[in-house]
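Notes follow the structure.
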Amino acid sequence: MASDYQEIKQKTIGLKYAINGLIFAFKNEINMRVHVLVTIIVIMLGFFFQVSFTEWVLLFLTFGLVLSSEVFNTAVEMLLDYLAPEWHPKAGIIKDLTAGGVLIASSIALIIGAIIFIPKIITWMM
Ligand SMILES: Nc1ncnc2c1ncn2[C@@H]1O[C@H](COP(=O)(O)OP(=O)(O)OP(=O)(O)O)[C@@H](O)[C@H]1O
């Protein structure tokens, strides 16, 4: 009984800290706000064009890919700014690498979005 309580308490606190991290990323990272805005616009487009179940799954997978890669990118940037605030080529390449990860995720999301929406937009315009 007591261990159940501890487990629930730990999970609740863990979730609180995780949400705290997401709020921090949203407030402090313009790129995060841009990704969230694009996510909301794509969800609205999904309802407008009545995308299929499979297309929703693909879209949500790409949202997760882009948003989580941006959160990890922010975490690495902050970690480096804290641990190695001085200018160093290694710090620079580490930041470039995580930014590259976000670029890959965003490019894949763009391609998937184009595959799903471009045919629907063309049909809608005709
Ligand atoms: N300490 C450093 N040493 C060497 N190069 C760095 C350092 N900090 C940043 N850079 C270079 O400047 C680039 C931009 O770094 P910065 O920390 O400003 O992130 P950013 O790309 O502006 O990210 P964001 O816009 O998400 O905050 C890095 O990708 C890296 O090439």
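Indexing begins at 1, ligand by ligand and atom by atom, following the structure's order. The basis for the numbers below is simple: all heavy atoms, side chains too, and nothing from hydrogens, waters or symmetry mates. For clarity, every value in this text was computed on a predicted model and none was experimentally measured.
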Within a strict 4.5 Å, meaning less than it, do heavy atoms of the [X] and [Y] side chains meet?
X      : Y      : value
Ile23  : Ile19  : yes
Ile116 : Leu59  : yes
Thr98  : Phe72  : no
Lys95  : Val76  : no
His35  : Val38  : no
Val51  : Lys120 : yes

In terms of atom number and element, which parts of ligand 1 are under 4.0 angstrom from non-hydrogen atoms of [X]?
X     : value
Glu86 : 1 (N)
Ala91 : 1 (N), 2 (C), 3 (N)
Gly92 : 3 (N), 4 (C), 5 (N), 6 (C), 30 (C), 31 (O)
His88 : 2 (C), 3 (N), 4 (C)
Lys95 : 8 (N), 9 (C), 15 (O), 17 (O), 28 (C), 29 (O)
Asn31 : 25 (O), 26 (O)

Students should be able to answer this: which protein heavy-atom is nearest to [atom], and at what distance?
atom                    : answer
atom 20 (P) of ligand 1 : Glu77 OE2, 3.7 Å
atom 26 (O) of ligand 1 : Glu29 OE1, 2.7 Å
atom 2 (C) of ligand 1  : Trp87 CE3, 3.6 Å

Does the ring center of Phe63 lie less than 6.0 Å from the ring center of Trp56?
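No, ring centres 6.0 Å or more apart.
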
Among all the protein's heavy atoms, is there at least one whose distance to atom 18 (O) of ligand 1 comes out below 4.0 Å?
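So atom 18 (O) of ligand 1 lacks protein heavy-atom neighbours under 4.0 Å.
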
Closest candidate by heavy atom, reference atom 30 (C) of ligand 1, pool Asn73, Ile30, Asp96:
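The option holding the nearest heavy atom is Asp96.
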
Please lay out, stage by stage, how Glu77 and Glu29 fare under the test side-chain contact (heavy atoms from CB on, under 4.5 Å).
CA-CA 11 Å; Glu77 274 176 15; Glu29 271 298 318; 3.6 Å; yes

